[in-house]
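The structure appears below as structure tokens.
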Amino acid sequence: MPYHEFEVSKCIPERKKHAVVKGPGETLTEALPAGYLNTIPGSVSERGCAYCGAKHVIGQPMKDVIHLSHGPVGCTYDTWQTKRYLSDNDNFQLKYTFASDMKEKHVVFGAEKMLKQNILEAFKAFPDIKRMSIYQTCASALIGDDINAVAQEVMEEMPEVDIFVCNSPGFRGPSQSGGHHTICIAWMKDKVGTVEPEITSDYVINYVGEYNIQGDQEVMQDFFKRMGIQILSTFTGNGSYDDLRGMHRAHLNVLECARSSEYLCNELRVKYGIPRLDIDGFGFGPLSDSLRTVGLFFGIEERAEEIIAEETARWKPELDWYRERLMGKKVCLWPGGSKLWHWAKVIQEEMGVKVVSVYTKFGHQGDMEKGIARADEDTLAIDDPNELETLEAMYKLKPDVIFTGKRPGEYAKKIRVPYLNAHGYHNGPYKGYEGWVRFARDIYNAIYSPVHQLALVDISKDEIATDKSFTTRRMLSDARLPEGVRNAPGLRQYTGKFDVMPGLRNKTKADYPYMQDKPTKLADAA
Amino acid sequence: MACEVKGRERVGVINPIFTCQPAGAQFMSIGIKDCIGIVHGGQGCVMFVRLIFSQHFKESFELASSSVHEEGAVFGAVKRVEEGIDVMLMRYPHVKVIPIITTCSTEVIGDDVDGLVNKLNEGLLKEKYPGREVHLVPIHAPSFVGSMISGYDSAVKDVVAYFAEKGEPTGKLNVFTGWVNPGDVTALKHLLAEMEIEANVLFEIESFDSPLMPEGQHVSHGETTVEDLKETGRAAASIALNRYEGGKAAKFLEKTFNIPATIGPTPIGIRNTDTFLQTLKTITGKPIPASLVKERGIAIDALTDLTHMFFAEKKVAIYGNPDLVIALAQFCIDLEMKPMLLLLGDDNSSYATDPRILELQANVDWDMEIVTNADFWEMEDRIKNKGLELDLILGHSKGRFTAIDNKIPMVRVGFPTYDRAGMFRHPVVGYAGAIWLAEQMANALFTDMEYKGEREWSLNVW
Amino acid sequence: MDENTKSDYAKQMLTYIMKHCLWQFHSRTWDRERQNREILTKTTELLCGLEETAVPEDRLDRCYWVDAVLLARNYRRLFPWLGELDNLEITELMQLVRERLDFQTITGSLNVELTDHQY
């Protein structure tokens, strides 16, 4: 029986079905944790709420929008600046957030009138922004305010603005995931198809489930532009509201984070016949295959091959330098939803790092299917993990590094396990070829940190080595490498810049010879 | 010239200065040893608060959720708290105190947590955990009232009201520190020790700065014990340094236990620290020792190097916790600076009649604005659109983009200060705090001078 | 090709799909049925000699086709024994792969969301 029982959860036996260890030769039909069930109260779970999933994760990356939460200030404050998604309009959505500031009197008497005033005030303060998303919270949901009606009223009075309403209060569903679903369906229902977009290429995609963490979207956008592909809209990283209203005109939906937005791709397929192509933007191999499939779809595969060749030549010697030094190191891959399967296999294949455990905070069984399928035998897979269980797992598995959130990273640190931020990265972006090397470098710097070595010494008990005044990372990482590998010609450490973004953003039309300038006629779907 | 007090005129908030009440209640609960609070509401109410604490302290703190989901919101979710408490007691054998912190959702649906506590005390605790010391403390913290400040103030009072016991007087002084940092507690304890005053410091949060040890697991938590909390009822006197963060508890003890309460001062700056020591002397009869004269002298020496040369006329905006903001303004004025704008981030009606605000209004001889119920837009709008010029901003990290985009140097103070390293380790109170603050402000101004090429050569020979 | 060899070859091919592909993991049974059927059918055709230049016009069709092209190429690269099989053997082999894939991802799957009627 592959179910894994934690010592610390023996008293809550319902937890047993939430963790499995993948046995030798076992397939998904024998081993799959339960998923997306109600959280056990008091378990100190990692989960957040549906408001977070809707507003913080998916809504707020939209860059040319006023994001207004209808409720007391806390929800707004908590989701302000707490993600590293950029936008190329000087991060407007990161810098400005809006709360209707519900108070007790509104709970008693209703807040629709106050909400309308809020909307008008916000548009007045930022007269260049004509789009708004309003998010329901627990409070406004419970008092039954009809946000849609208020939004409709304002849109009639101010025809130059458009407002999207997302009714995803925190309690809607067991975790963030409920919010993803709500906002995807609402966007599909209310906004897709309400704008006819300008088509500037024969090759038109929506890039779905990409949130521009540290610039990921802009890295991928660069590849697509180098192929001459028009990204009609990105859902939602560095994305524009009106572009996303025109999603129905794309030829293809390229999907990264299926967990958060496969709902939208499925609906677009059913209603508009737009095919859904799932890709992996992480890792040289998966990324290359992904660019190939997109290229193949449009009959421009040779353009993808150009990029793959150029990028691989530039960055593989650096990836391999780290790979030699990371071989056999162990990681607990503990993200929120999708990265457990985006990274599970390719981390081992391309960086040599063995994944000993995967978990998902808010994922569904589908995420576990993908993750466990890609993971090795003996991998411990946990659904809806809680703090005591993860501590027990870390003590047992003794990982060399852990990829997880900022806060759980703090208590991993306390038991001497270095951490990298799986949600917002350390020194990213991590997508793309250079990004993957940046990731490898971060892992290397974490594992071979001399301070980390010093942390393991108990000066009251252990022998203190007094022969060294310092240690370099290479002294630690290269100690057991054979001479030929240690100084392998052609391999080198990362040579990129501290900040990748200016290099991408300063590119001009000349860098994208395949991008067409003039609007073309939309080739109708066959 | 006028020092005006005005409330935010807009209905809505653009860039909030505070988060809501449950965060304050949770900050109180992490200061208690063997205590894990359970937040009764959506999971976000606890997940995000744990995140902001971890950003500020670079540590993780234990807090649980009752995980209210949809059917709970419709049919009532008291059962979730019951289940949650049982789960916590099973899995955390050391836990003695469980604050049950309500949120807007559970207040709106009207869950009766007080009734639940009675039920559990009679039922679950007696049946399943006989003989185990467990304290369930209901704390009401709806987010549509007040802010994290009032949430903290109420929670401190609630927990003191729950535990305080009459009995043999201890002769100790209850010190309600307010929402401070570990560095502040160290500085306060130092001053109390120099005065040879035995104090019950609430809360003992020096241990938030916990070590990375070669063995074992050392999650951060506070050190205030159940005994400490019980003892508050037997103290000789109470002092609440921050009127709005701890004042309620001190007043409660005065009313119910006849323990004389002194409210204030917030000991930021030389003058307020002097007053603090004078107040301690008055309350306890202990003299102010020569050692503190010397310490004060070191601080005055450090400040004198800075004030008339660099700080005079510097225009500063200050935002954050109300007592912190007011005390910083007072200190800045003593340093010859000109606070131009104070932002108090919630709608507490007491601000307008706060004697410290009235004192500012009576004596300040330049145009100064104090905005209550403020948000960050009040500051940014003035800078961008109304010609407000500032040389310095004092406040917490959420305001960073206003400083960055307008190229105004900013010293991080208050909560949270996550975008600078180690701020929580340093005091802003006492003479040590006066030195730290002044030198932080000076160095921020100096760096700015260098980046802008404004008189940067003058520092060659300072 | 005897039964044992066929089973072993099918295992290798299925393992490749499970380790590297995402197209078999849509969220509902009807989507998975369609994905498996279309992509593996096209992969079979390609392995049996259909030219990569025969690009489907219909874009939904083309989307299955691109995943099939990559799969066929990777199979050829990784499994030299494919070159020694005739088209009938390849078809039978791929049929076995399809059966097993359908079992793992649909009929034998423990994912309870697969049968939910709504997206």
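Numbers restart at 1 for each chain; the letters A, B, ... are given by sequence-line order, proteins then strands.
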Any donor-acceptor pair under 3.5 Å from A:K414 side chain to B:S210 backbone =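 Side chain of A:K414 to backbone of B:S210: a pair is present.
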query = Does B:R91 use its side chain to pair, donor to acceptor, with the backbone of A:C11 at less than 3.5 Å?
reply = no
Relative to chain A, which segment of [X] carries a heavy atom at a distance below 4.5 Å: side chain, backbone, both, or neither?
X      : answer
B:V11  : both
B:D405 : side chain
B:S143 : both
B:P211 : backbone
B:K79  : neither
B:L63  : backbone
B:E82  : neither
B:D375 : neither
B:D86  : neither

Is there a side-chain contact between [X] and [Y], using heavy atoms and a 4.5 Å cut-off?
X      : Y      : answer
B:S147 : A:V73  : no
B:F144 : A:D101 : no
A:D78  : B:I52  : no
A:N91  : B:F401 : no
B:F48  : A:T79  : yes
B:F53  : A:E410 : no
B:M47  : A:Q176 : yes

Let's test your reading of the structure: which of [options] forms the most heavy-atom pairs below 4.5 Å with chain A?
options               : result
B:M213, B:R400, B:E71 : B:M213
B:M88, B:Q217, B:Q21  : B:Q217
B:F57, B:F61, B:F18   : B:F18
B:I36, B:L212, B:T103 : B:L212

Residue [X] versus chain B: region with a heavy atom under 4.5 Å:
X      : result
A:H106 : neither
A:S100 : backbone
A:V107 : side chain
A:D462 : neither
A:K461 : side chain

request  = Hey, can you tell me if A:Y96 and B:W377 have their rings parallel, tilted or perpendicular (30° and 60° cut-offs)?
outcome  =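 Judged by the thresholds at 30° and 60°, the geometry between A:Y96 and B:W377 is perpendicular.
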request  = Establish, yes or no, whether a centroid distance under 6.0 Å links the rings of B:F376 and A:W80.
outcome  = yes
ask   = Who in residues 44-53 of chain A is close to chain B, using a strict under-4.5 Å heavy-atom cut-off?
value = A:V44, A:S45, A:E46, A:R47, A:G48, A:C49, A:C52
inquiry  = Looking only at the side chains, is there a donor atom on one of B:Q43 and A:S175 sitting less than 3.5 Å from an acceptor on the other?
reply    = no
task = Determine the minimum heavy-atom distance between B:K398 and A:Y77, stating which atoms define it.
result =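 Heavy atoms only, the tightest pair is NZ-O, 3.2 Å.
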query = Are A:E121 and B:R10 within salt-bridge range, i.e. N to O under 4.0 Å?
reply =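 A salt bridge is absent here (no side-chain N lies under 4.0 Å from a carboxylate O).
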ask   = Hey, which of B:H69, B:E83, B:H40 is the one that makes side chain to side chain contact (heavy atoms under 4.5 Å, CB included) with A:P41?
value = B:E83
